[in-house]
Amino acid sequence: MELVQHRYDYSALGRSVDHPWLFPGKAGGQPISSRQLMRKLTAMGVRARPSCNTTLMELSAELPAVVLSRLLGLHISAAEKWAKESASTRAAYAAELSRRKATGGSYR
């Protein structure tokens, strides 16, 4: 909560403390771009790309490419690439859902 109270809005136009963004961008009322956030993290010594890639690899192993694409806003070809990299198949996903249903497990 302290971060939200002390955030800094870089925009000259539309400067406001009334926006919901923890990391406001240069355009008034808009969040910082992912590219700019990555640059700032890198400058501070935080390597976010490996964590992002690991997360995408884990998600793509559990979800079909179409679900990953819609969930994260990835282009379907990018989601399919991640699914291929993780050796994931739709059949494995369907089998897991069937197994959960048969054992009374959750779909989450």
Side-chain angles (χ1 to χ4, degrees):
M1 190 63 170
E2 186 177 329
L3 287 174
V4 173
Q5 293 170 350
H6 298 310
R7 65 188 169 195
Y8 182 73
D9 189 353
Y10 292 99
S11 63
L13 297 173
R15 186 181 302 263
S16 169
V17 295
D18 193 28
H19 57 77
W21 308 111
L22 178 57
F23 301 106
K26 290 185 179 184
Q30 296 297 311
I32 192 171
S33 70
S34 58
R35 186 172 301 209
Q36 188 62 26
L37 181 59
M38 186 76 76
R39 285 184 190 132
K40 288 178 182 248
L41 289 172
T42 301
M44 290 187 287
V46 177
R47 296 182 58 219
R49 177 60 63 192
S51 298
C52 180
N53 290 347
T54 300
T55 301
L56 280 170
M57 186 66 73
E58 290 177 5
L59 284 172
S60 65
E62 295 180 20
L63 300 170
V66 68
V67 173
L68 189 66
S69 172
R70 290 180 182 166
L71 183 66
L72 300 179
L74 295 173
H75 191 277
I76 188 65
S77 62
E80 287 172 347
K81 175 190 158 273
W82 281 105
K84 185 177 179 183
E85 288 293 322
S86 69
S88 167
T89 65
R90 290 187 201 144
Y93 178 74
E96 176 64 16
L97 287 181
S98 294
R99 185 192 62 75
R100 289 181 194 172
K101 187 175 181 181
T103 61
S106 171
Y107 283 104
R108 290 184 161 201

Peer 1: Using atom types as modelled, flag every donor-acceptor pair under 3.5 Å from a side chain in residues 69-76 to any protein atom, sequence neighbours excluded.
Peer 2:
from	atom 1	to	atom 2	distance (Å)
Ser69	OG	Leu74	O	2.6
His75	ND1	Ser77	N	3.1
His75	ND1	Ser77	OG	2.9

Peer 1: So which heavy atom on Ser86 is nearest to which on Ser60, and how close?
Peer 2: OG-OG, 3.1 Å
Peer 1: Of all residues at least two apart in sequence or in a different chain, which pass the side-chain contact (heavy atoms from CB on, under 4.5 Å) check with Leu41?
Peer 2: Leu37, Met44, Val46, Ala48
Peer 1: Under the side-chain hydrogen bond (donor to acceptor under 3.5 Å, both in side chains) definition, can you give me all pairs with a residue in residues 45-54, not counting sequence neighbours?
Peer 2: none
Peer 1: Among the clusters formed by ILVMFWY side chains lying less than 4.5 Å apart, do Leu56 and Met38 turn up in the same one?
Peer 2: no
Peer 1: Going by side-chain contact (heavy atoms from CB on, under 4.5 Å), name the residues that satisfy it together with Arg35, two or more places apart in sequence or in a different chain.
Peer 2: Ser33, Arg39
